[in-house]
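Since we're looking at a predicted model, the values are computed, not measured.
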Amino acid sequence: MKKVFLTFLFLSVMVIANNLAANENQSPTSDSAEEIFIYLNTKPTGEISLKAVSLPPIQVWKSANGLEIQFLSYLRNASVKVKNGQGYVMYQTTVNTAFTQSIFISTLWWFSGDYSIEITAGTSTWIGVFEL
């Protein structure tokens, strides 16, 4: 029984390490891009839960020119919404992730300040914040 558990543990670590390495090999829009950390919103009150241990199926990168959103797995139709610090919607779209693996949102003409991004697919919502 101990051997089975250790084998399962070893295989789990290998799968996680392989997934992390695959995610690192994906290149953002430019060398100076930084990843925006997104949280899974699991509470109906809108509070952010840090208990979600799975990696999100989405990566968001911020560069000097805008945001690149990469859909790492099929999510059906994903709704993408970006709001400024005052809550005004700056960008909104729906993406069919069966045909589109990434989108680019230009932020060249946006004012500097705090922004939030919300990506909803089915009953899951991921939230991230960034600054321009």
Would you say the side chain of D114 lies within less than 4.5 Å of the side chain of V129, judging by non-hydrogen atoms? no
Can you see which heavy atom on L132 is nearest to which on Y115, and at what distance? CD1-CE1, 3.5 Å
NZ of K81 to CD of Q92: how many Å apart, nearest 0.5 Å? 5.0 Å
Sole residue of I105, T93, V89 in side-chain contact (heavy atoms from CB on, under 4.5 Å) with V82: I105
Distance from I117 atom CD1 to K62 atom NZ, nearest 0.5 Å? 12.0 Å
Looking only at heavy atoms, the pair that brings S63 and F104 closest together is OG-CE1, 4.5 Å
Sorted by chain and residue number, the side chain to side chain contact (heavy atoms under 4.5 Å, CB included) partners of F99 (sequence neighbours excluded) come out as N96
My understanding is that only one of I119, N77, T100 makes a side-chain contact (heavy atoms from CB on, under 4.5 Å) with V95; could you say which? T100
For I69 and V80: C-alpha separation, side-chain torsions, deciding distance, then whether side chain to side chain contact (heavy atoms under 4.5 Å, CB included) applies. CA-CA 9 Å; I69 303 169; V80 178; 3.6 Å; yes
Using a 4.5 Å cut-off on heavy atoms from C-beta on, say whether the side chain of W126 contacts that of P57. yes
Less than 4.5 Å apart, any side-chain heavy atom of I58 and any of Q70? no
Rounded distance [0.5 Å steps], OG in S116 versus CD in E131: 13.0 Å
Using a 3.5 Å distance criterion without hydrogens, assess whether the side chain of K83 forms a donor-acceptor pair with backbone atoms of Y91. no
Is there a donor-acceptor pair under 3.5 Å between the side chain of T97 and the backbone N or O of L75? yes
So, taking the atom named CG in L72 and the one named OG in S102, what distance separates them when rounded to the nearest 0.5 Å? 10.0 Å
The remaining residues in the hydrophobic cluster of L108, counting side-chain heavy-atom contacts under 4.5 Å among Ile, Leu, Val, Met, Phe, Trp and Tyr, are W109
